[in-house]
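A quick write-up on the structure given underneath.
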Amino acid sequence: MADGLLLPEEALLLSLNDETGRFEGAHLHYLLNAAGLAELLLRARVAEEGGSIVVRDRAPTGAAPVDIALDRLLASPKPEPARAWVRHLYRDRDTLVDVLVGGLVRRLILEAREQRYLWIFRRTVYPAADAGPEHDLRAQVLATARGEREADERLAVLLSLLEGGRSLGLALGRDDEKACRERVAAIRAASAVGAPVAGALAAVLRENDAAAASAASAATMSAAVTVVNT
């Protein structure tokens with residue numbers, strides 16, 4: 001954990017575009033769900049039993065993003081598999097990002113800044129107030145992916161999640177993503193927490209791809225039928 005950062009915080013920082021101050025990644029909310037679940041597994045608050053995630057320690061951790069996730073598991077009427085929690089662990093993902101960003105702003109890692117766009121609209125962006133933690137994290141991730149340092153448990157999980165969530169390029173850059181793909185896959189395969197959670201994350205994204213392709217095919221067929229009938 002770089003500078004005391006939680007896995008969801010690390011995933012969010014690695015999704016930050018330093019030039020725009022905005023978070024990127026088409027699958028960011030699934031990545032954050034997976035990171036929250038992985039954090040609970042690493043802390044032994046939950047475990048996988050019989051294909052489902054069960055709570056082993058109900059005590060709050062004192063870290064808001066982790067306790068939000070723990071409360072969601074405790075409120076579930078029945079145990080669910082990792083894939084289900086990757087989908088909806090943080091159901092209100094905007095609130096989660098607010099919690100994560102708020103913590104990083106309070107610790108003076110990020111700065112909240114109002115920005116105008118299209119001359120009349122406003123949005124909040126989050127440039128680095130202290131670039132050190134993010135740069136250190138990126139350096140550790142890159143060095144581990146390149147094989148320049150051993151993959152400790154948390155970095156192995158983080159790299160696994162980035163790969164499973166199709167976000168490795170955001171952390172490493174496109175060239176290093178290609179060059180390090182085999183080593184990252186090996187790190188993921190060897191991670192007791194990273195492998196199952198990243199596997200669940202990748203499975204969710206594949207399911208989404210299939211659903212989108214099916215919907216597009218149905219729309220195309222419907223349009224073709226409409227043309228024929230006119």
Kindly compute the distance separating CG (Leu41) from CD1 (Ile53), expressed to the nearest 0.5 Å. 5.0 Å

dist Leu40:CG -> Asp57:CG (nearest 0.5 Å) comes out at 10.0 Å

Grab the two heavy atoms, one from Arg149 and one from Asp152, that are nearest each other, plus how far apart they are. NH2-OD2, 3.3 Å

Please list, chain by chain and in numerical order, all residues satisfying side-chain hydrogen bond (donor to acceptor under 3.5 Å, both in side chains) with Ser76, sequence neighbours excluded. none

With sequence neighbours left out, the residues meeting side-chain hydrogen bond (donor to acceptor under 3.5 Å, both in side chains) with Glu19 are none

Residues forming a side-chain hydrogen bond (donor to acceptor under 3.5 Å, both in side chains) with Arg45, sequence neighbours excluded: none

Would you find a donor on one side and an acceptor on the other, under 3.5 Å apart, between the side chain of Glu39 and the backbone of Leu7? yes

Distance alone, cut at 3.5 Å: any donor-acceptor contact between the side chains of Glu114 and Thr124? yes

Cluster link Leu137 to Leu28, ILVMFWY, side chain under 4.5 Å: yes

Taking only residues two or more places apart in sequence or in another chain, which ones pass side chain to side chain contact (heavy atoms under 4.5 Å, CB included) with Val55? Val46, Arg58, Leu70, Leu73, Leu74

Any side chain to side chain donor-acceptor pair (under 3.5 Å) involving residues 183-201? Give me the pairs, sequence neighbours left out, ordered by first then second residue. Glu163-Arg188

For Asp130 and Leu108: C-alpha separation, side-chain torsions, deciding distance, then whether side chain to side chain contact (heavy atoms under 4.5 Å, CB included) applies. CA-CA 6 Å; Asp130 175 5; Leu108 304 180; 5.6 Å; no

Only pairs at least two apart or in different chains count here, so list each ring pair (Phe, Tyr, Trp, His ring centres under 6.0 Å) that has a residue in residues 42-88. Trp85-His88

Using side-chain hydrogen bond (donor to acceptor under 3.5 Å, both in side chains) as the criterion, list what pairs up with Glu207, not counting sequence neighbours. Arg83, Arg87

Please enumerate all residues that pass salt bridge (charged side-chain N to carboxylate O under 4.0 Å, His left out) together with Glu177, with sequence neighbours excluded. Arg174

Take Val97 and Leu32 through the test side chain to side chain contact (heavy atoms under 4.5 Å, CB included) and record every step on the way to the result. CA-CA 9 Å; Val97 172; Leu32 295 179; 4.0 Å; yes

Is any side-chain heavy atom of Leu104 closer than 4.5 Å to one of Tyr126? no

Any chain of hydrophobic side-chain contacts (each under 4.5 Å) joining Leu16 to Tyr30? yes

Under the side chain to side chain contact (heavy atoms under 4.5 Å, CB included) test, which residues partner Glu49, sequence neighbours left out? Val54, Arg56

Hydrophobic clustering (ILVMFWY, side-chain heavy atoms < 4.5 Å, transitive) - are Leu162 and Leu142 grouped together? yes

Sorted by chain and residue number, the salt bridge (charged side-chain N to carboxylate O under 4.0 Å, His left out) partners of Arg146 (sequence neighbours excluded) come out as Glu148, Asp176

List for me each residue that meets side chain to side chain contact (heavy atoms under 4.5 Å, CB included) alongside Arg166, sequence neighbours excluded, and say none if there are none. His27, Leu205, Arg206, Asp209

What pair of heavy atoms forms the shortest contact from Val197 to Ala34, and how long is it? CG1-O, 3.5 Å

Show your working on side chain to side chain contact (heavy atoms under 4.5 Å, CB included) between Glu9 and Ile109 and close with a plain yes or no. CA-CA 11 Å; Glu9 292 174 327; Ile109 296 173; over 6 Å; no

Could you tell me the separation between the CG atom of Leu37 and the CG atom of Leu42, rounded to the nearest 0.5 Å? 9.5 Å

Working to the nearest 0.5 Å, report the span between CG of Asp67 and OG1 of Thr61. 3.5 Å

4.5 Å side-chain heavy-atom contact, Asp18 and Glu134: yes

To check you understand the geometry: which heavy-atom pair defines the closest contact between Ala128 and Leu110, and what is its length? CA-CD2, 4.1 Å

For Ala145, all residues meeting side chain to side chain contact (heavy atoms under 4.5 Å, CB included), sequence neighbours excluded: Leu159, Leu172, Cys180, Val184

On a heavy-atom basis, which atom in Ser15 and which in Leu31 lie closest, and how many Å separate them? OG-CD2, 4.3 Å

For residues Ile187 and Val193: do they belong to one hydrophobic cluster (side chain heavy atoms under 4.5 Å, members Ile, Leu, Val, Met, Phe, Trp, Tyr)? yes

So CG of Leu12 and CZ of Phe23: to nearest 0.5 Å the spacing works out to 4.0 Å

Are Leu96 and Leu201 joined in one hydrophobic group, where the rule is that I, L, V, M, F, W and Y side chains link up if heavy atoms are under 4.5 Å apart? yes

Does Pro65 offer a backbone N or O that forms a donor-acceptor pair with the side chain of Tyr90 under 3.5 Å? yes

Under the side chain to side chain contact (heavy atoms under 4.5 Å, CB included) criterion, do Leu158 and Leu14 qualify, and how do the steps go? CA-CA 10 Å; Leu158 180 58; Leu14 292 174; 3.9 Å; yes

State, to 0.1 Å, how close Val99 and Ala64 come at their nearest heavy-atom pair, and which atoms those are. CG1-CB, 4.0 Å

Rounded to the nearest 0.5 Å, the CD atom of Glu80 sits from the NZ atom of Lys78 at a distance of 7.0 Å

Between Ala35 and Leu161, what is the shortest heavy-atom contact and its length? CA-CD1, 3.6 Å

